[in-house]
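Beneath this line is the structure, given in structure tokens, with notes to follow.
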Amino acid sequence: MPLRINPARLRADFDALARIGAAGVGVHRPALSANHLAARAWLRERILAAGLEFRQDAAGNHSGILRAASPAARTLLLGSHTDSVPHGGRFDGALGVLAALEALRTVQDASLELPVHLEAIDFTDEEGALVGLLGSRALTGALTPGELAQPRGGLAALRDGFARAGITDPLGAARPPGSLAGFLELHIEQGPRLIEAGADIGIVSAIVGIGSFRLAFGGRADHAGTTPMHARRDAGRGAAEFMVRARGLVTRDFPGCVINFGRAAFEPGAYNIVPERAELALEFRSPVQAELDALEAALLGEARRVAAACHLELEAVKQGCVAPAPCAPEARAAFAAAADDLGLRHIPLVSGAGHDTQALAAVCPAGMIFIPSTGGSHNPGEFAEWEACVNGANVLLGAAIGWLDR
Ligand SMILES: [Zn+2]
């Protein structure tokens, strides 16, 4: 009979946390905002009330710790994030933090002997209001001074948030190499695949890598009435043809990948001027690095062909990239064994969204599971059945206990 979490205790915590920064049926808790810090103050109280050791590191990450007998033991981390996107949902991140806390309380109640320290962690700014994956990347030593100097949320917002939270040197949160035994995360799926498959648990095989480019087609501004169609060097036409062709290329040749054009801007930008410049924000994702590289080459090749055919210049500026993060086989096996013990149906899934697990995967065996959710995500209407939340928390607990027995 596998050990199980206390669903009523988890539910009480879940409802209490959802009330902090509540906005309609969702929550508004951007990283290091007053609402987020209130949630963290509440979390600290819950950690202390459980008789766990509380820790706040230099990046503001909040943890509850259940110590192993040996001070030299490594740490098995469980967790997620309590920050939300602006006007986000109650489940994204919060469920993973509270399930981690509940797993520690359950292990504590059962007086299990611990070969590793167990730590339930709430990572700072997973959603990237200031710097994406700030807390988890600080902890793994991947955060750089350059990112802090040019945060995507703006320097003023970063400074204000750090001041509110008392963060002075987030780089100081880096843990010694080898101190982590592993990381396990529970999260809602934020997509329809588990429900479509009729599965209880998605065991993440990899988190996608992301490439992004600013592509600009350059032509010639001209009178939109007097210039014959054949004589135009229409940058807008190049952009439009490329958008259509790129989508066809991905669905035909890269079925495991996705592509998005999130912005298109024409210049000069008037009804009666043929566009001289058309700029596109291109993003594409794949779970496999070689495929991500091949897709990048194919997309740029297609863009060059379109530009040549339309007599346009092409400018392609890489806007950064995130490498795919495969989940550790031992983490996947631990989740699968735990789900089997509970009689839950599980399937492998690729995560199309970024998560703290991808940061941890660089330094220790890391893995994550999804539970079925509806209503999309990053909106107040995201939803997961309570039974699914309890299932996920039990699988997280089971995988952690399996880890202790290794
Ligand atoms: Zn999340």
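Just follow the structure's listing: the first ligand is 1, and inside any ligand the first atom is 1.
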What N/O/S atom of His187 is the closest to the Zn ion (ligand 1)? NE2
Are Phe370 and Phe335 close enough that their ring centres sit under 6.0 Å apart? no
Taking N, O or S atoms only and a limit of 2.8 Å, check whether His81 reaches the Zn ion (ligand 1). yes
Any N/O/S atom of Asp92 sitting less than 2.8 Å from the Zn ion (ligand 1), backbone or side chain? yes
So, applying side-chain hydrogen bond (donor to acceptor under 3.5 Å, both in side chains) with Thr124, which one of Gln56, His81, Arg40 is it? Arg40
Could you tell me whether a side-chain N or O of Arg90 sits under 3.5 Å from a main-chain N or O of Val27, the two making a donor and an acceptor? no
Does Asp125 come within less than 4.0 Å of Arg152, counting only side-chain N to carboxylate O? no
